[in-house]
Amino acid sequence: MITASLAGLVTFPAGGAYAASKHAVVAVAEQAALGLAGTPVGVTVLCPALVRSGMSEEGEDPLVVAEQALAAVHAGTFTVTPGEWTEEIARRGHRLATGAQPQMPSPTA
């Protein structure tokens with residue numbers, strides 16, 4: 001299990017070094033998964049949005065995020081992302097593939 005962030009899959013204005021580092025973590029996880037393909041070792045990358053912590057009272061319950069992460073590891077899932085961001089992540093990939101300009105990301109209700 002490798003922990004990145006939603007900021008590693010979608011880009012927000014003023015994301016700065018934090019977003020760049022999280023994009024790098026996702027790339028390292030992809031490289032590890034490719035390198036370990038065909039072995040008994042799997043790779044899962046956790047990309048949560050806000051998670052409640054000692055630094056922030058806002059966000060998802062960390063126990064819920066942990067349960068989702070463990071379930072993904074057991075299922076052999078590569079990415080763990082908030083469901084409401086799935087469509088936006090796909091839209092970003094499409095924009096990148098087609099050369100479209102970046103847009104402000106937003107979750108699906």
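It should be emphasised that the depicted structure is a prediction, and the values quoted were computed from it without experimental measurement. We number each residue from 1, following the sequence as shown. Excluded from the calculations below are hydrogen atoms, water molecules and symmetry mates; all remaining heavy atoms, backbone and side chain alike, are included.
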Is Arg95 paired with Glu88 through a side-chain N to carboxylate O contact shorter than 4.0 Å?
yes

Indicate yes or no: at least one non-hydrogen side-chain atom of Lys22 is less than 4.5 angstrom from one of Val26.
no

Measure the CH2-CZ distance between Trp85 and Arg92 for me, rounded to the nearest 0.5 Å.
12.0 Å

Heavy-atom closest pair, residues Cys47 and Pro82
O-CD, 3.3 Å

Under 3.5 Å, which donor-acceptor pairs do the side chains of residues 101-108 form with other protein atoms, sequence neighbours left out?
none

Under the 3.5 angstrom rule, does the side chain of Arg52 hit a backbone N or O of Glu58 as a donor-acceptor pair?
no

Same cluster or not: are Leu34 and Val41 linked, directly or through other Ile, Leu, Val, Met, Phe, Trp or Tyr residues, by side-chain heavy atoms under 4.5 angstrom apart?
no

Is it the case that one hydrophobic cluster holds both Val65 and Met1, taking links as side-chain heavy atoms less than 4.5 Å apart, direct or via other members?
yes

Let me confirm one number: the CG-CD distance from Leu63 to Gln68, rounded to the nearest 0.5 Å.
11.0 Å

Which side-chain N or O atoms in residues 4-17 pair as donor and acceptor under 3.5 Å with protein atoms at least two apart or in another chain?
unit_1 : atom_1 : unit_2 : atom_2 : d
Ser5   : OG     : Ala7   : N      : 3.0
Ser5   : OG     : Tyr18  : OH     : 3.3

In this structure, would Val51 and Val73 fall into the same cluster of hydrophobic residues linked by side-chain contacts under 4.5 Å?
yes

Short question: side chain of Thr79, backbone of Thr81 - any donor-acceptor pair under 3.5 Å?
no

With side-chain contact (heavy atoms from CB on, under 4.5 Å) as the test, pick out the partner of Ile2 among Val43, Thr44, Leu46.
Val43

Donor-acceptor contact present, side-chain His94 to main-chain Ala90, <3.5 Å
no

CD/Gln31 to CG/Leu36 distance, rounded to the nearest 0.5 angstrom?
11.5 Å

Is there a donor-acceptor pair under 3.5 Å between the side chain of Thr86 and the backbone N or O of Gly83?
yes

